[in-house]
Visitor: 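Below is a structure I'd like to ask you about.
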Amino acid sequence: MAVTPSEGPSVRVLRVGEQVRHILSEVLMRGDVHDAVLAKHVVSVTEVRMSPDLRHATAFIKPLLGKDEEAVLKALRTNTAYLQREVASRMGLKYAAKLKFLADDSFDEGSHIDKLLRAPKVAQDLASDDED
């Protein structure tokens with residue numbers, strides 16, 4: 001049975017993405033990448049989205065406390081070939097996924113929504129809903 005785009009990613013695609021996330025996290029945590037910028041930062045790989053054919057992986061990253069995000073992204077992009085080789089050798093897949101690194105903005109979006117919900121005008125509206 002073919003997966004239609006409306007159904008979302010298959011279980012295999014999600015599982016492979018999670019495996020790639022674990023491998024990238026481990027490589028970065030152990031300091032296997034010899035890069036001065038990456039050595040100075042703790043980097044979280046928050047999510048990896050795989051293409052349906054498993055040939056492309058988009059890794060969403062967030063440096064600890066969001067510091068030097070652009071420098072960390074640049075360092076990861078510089079070391080993409082090494083990271084791709086590491087993922088490929090540890091995964092044992094037929095093809096090595098082409099990695100792409102992006103900043104994870106979901107934390108910033110969550111903070112923004114939280115700030116909006118705590119605004120006096122919104123809090124007032126929420127309080128009046130509770131009284132009804």
Side-chain angles (χ1 to χ4, degrees):
M1 183 171 140
V3 176
T4 61
S6 63
E7 292 179 14
S10 70
V11 173
R12 180 169 189 245
V13 169
L14 293 172
R15 185 174 40 86
V16 170
E18 189 62 13
Q19 285 178 312
V20 171
R21 187 184 72 78
H22 279 279
I23 292 168
L24 288 173
S25 295
E26 182 181 325
V27 168
L28 293 170
M29 182 185 69
R30 290 179 42 195
D32 291 348
V33 182
H34 302 293
D35 186 283
V37 174
L38 295 176
K40 292 183 208 172
H41 294 86
V42 176
V43 180
S44 295
V45 181
T46 57
E47 182 183 1
V48 174
R49 292 184 192 158
M50 300 296 298
S51 65
D53 63 0
L54 304 178
R55 291 192 183 209
H56 299 276
T58 302
F60 293 89
I61 62 100
K62 191 74 173 173
L64 186 65
L65 304 175
K67 290 186 177 180
D68 303 326
E69 193 169 82
E70 285 305 315
V72 169
L73 277 171
K74 184 177 179 186
L76 286 168
R77 290 170 181 156
T78 301
N79 292 287
T80 298
Y82 171 77
L83 292 166
Q84 284 176 185
R85 281 193 306 275
E86 282 296 305
V87 169
S89 68
R90 294 180 190 203
M91 293 282 296
L93 291 175
K94 188 174 181 179
Y95 300 101
K98 192 159 176 61
L99 293 174
K100 177 179 168 184
F101 293 97
L102 295 176
D104 186 350
D105 295 330
S106 62
F107 295 105
D108 299 333
E109 290 172 19
S111 295
H112 178 68
I113 291 170
D114 189 50
K115 185 178 175 183
L116 289 174
L117 289 173
R118 294 180 192 276
K121 186 137 181 99
V122 175
Q124 175 186 345
D125 289 345
L126 291 175
S128 67
D129 286 347
D130 290 341
E131 293 170 3
D132 292 339

Visitor: Anything under 3.5 Å between a donor and an acceptor, one on a side chain of residues 85-92, the other on a protein residue two or more places apart or in another chain? List them.
Guide:
{"unit_1": "E86", "atom_1": "OE1", "unit_2": "R90", "atom_2": "NE", "d": "3.2"}
{"unit_1": "E86", "atom_1": "OE1", "unit_2": "R90", "atom_2": "NH2", "d": "3.1"}
{"unit_1": "S89", "atom_1": "OG", "unit_2": "R85", "atom_2": "O", "d": "3.3"}
{"unit_1": "S89", "atom_1": "OG", "unit_2": "E86", "atom_2": "O", "d": "3.1"}
{"unit_1": "R90", "atom_1": "NH1", "unit_2": "E26", "atom_2": "OE2", "d": "3.3"}

Visitor: Determine whether V72 and I61 make a side-chain contact, defined as any pair of heavy atoms from C-beta on separated by less than 4.5 Å.
Guide: yes
Visitor: Measuring from R21:CZ to E47:CD, what's the distance to the nearest 0.5 Å?
Guide: 9.0 Å
Visitor: Between T46 and F60 (side chain of the first, backbone of the second, donor and acceptor by atom type, cut-off under 3.5 Å), is there such a pair?
Guide: yes
Visitor: Please identify each residue that fulfils side chain to side chain donor-acceptor pair (under 3.5 Å) with S51, with sequence neighbours left out.
Guide: D53
Visitor: Under 6.0 Å from the CZ atom of R12, do we count more than 12 heavy atoms belonging to anything else shown?
Guide: no
Visitor: For M50 and A97, which heavy atoms make the closest approach, and how far apart are they?
Guide: CE-CB, 3.9 Å
Visitor: So, taking the atom named CG in L14 and the one named CZ in R49, what distance separates them when rounded to the nearest 0.5 Å?
Guide: 11.0 Å
Visitor: Can you tell if the side chain of Q84 reaches within under 4.5 Å of the side chain of K98, non-hydrogen atoms only?
Guide: yes
Visitor: Got a sec, which residues hit side chain to side chain donor-acceptor pair (under 3.5 Å) with H22, two or more places apart in sequence or on another chain?
Guide: E18
Visitor: Please name the pair of heavy atoms, one in T80 and one in F101, separated by the smallest distance, quoted to 0.1 Å.
Guide: OG1-CE1, 3.7 Å
Visitor: For the CG atom of L102 and the CD atom of E69, what is their distance to the nearest 0.5 Å?
Guide: 10.0 Å
Visitor: Atom CG of L28 and atom CG of N79: how far apart are they, to the nearest 0.5 Å?
Guide: 9.5 Å
Visitor: What's the separation between atom CG in L99 and atom CG in L24, rounded to the nearest 0.5 Å?
Guide: 5.5 Å
Visitor: Drop me the distance from L73's CG to K62's NZ, to the nearest 0.5 angstrom.
Guide: 9.5 Å
Visitor: Measure from the side-chain N and O atoms of D35 to the backbone N and O of L38, and report whether any donor-acceptor pair falls under 3.5 Å.
Guide: yes
Visitor: Mind listing the closest non-hydrogen atom pair of V48 and G17 along with its distance?
Guide: CB-O, 3.4 Å
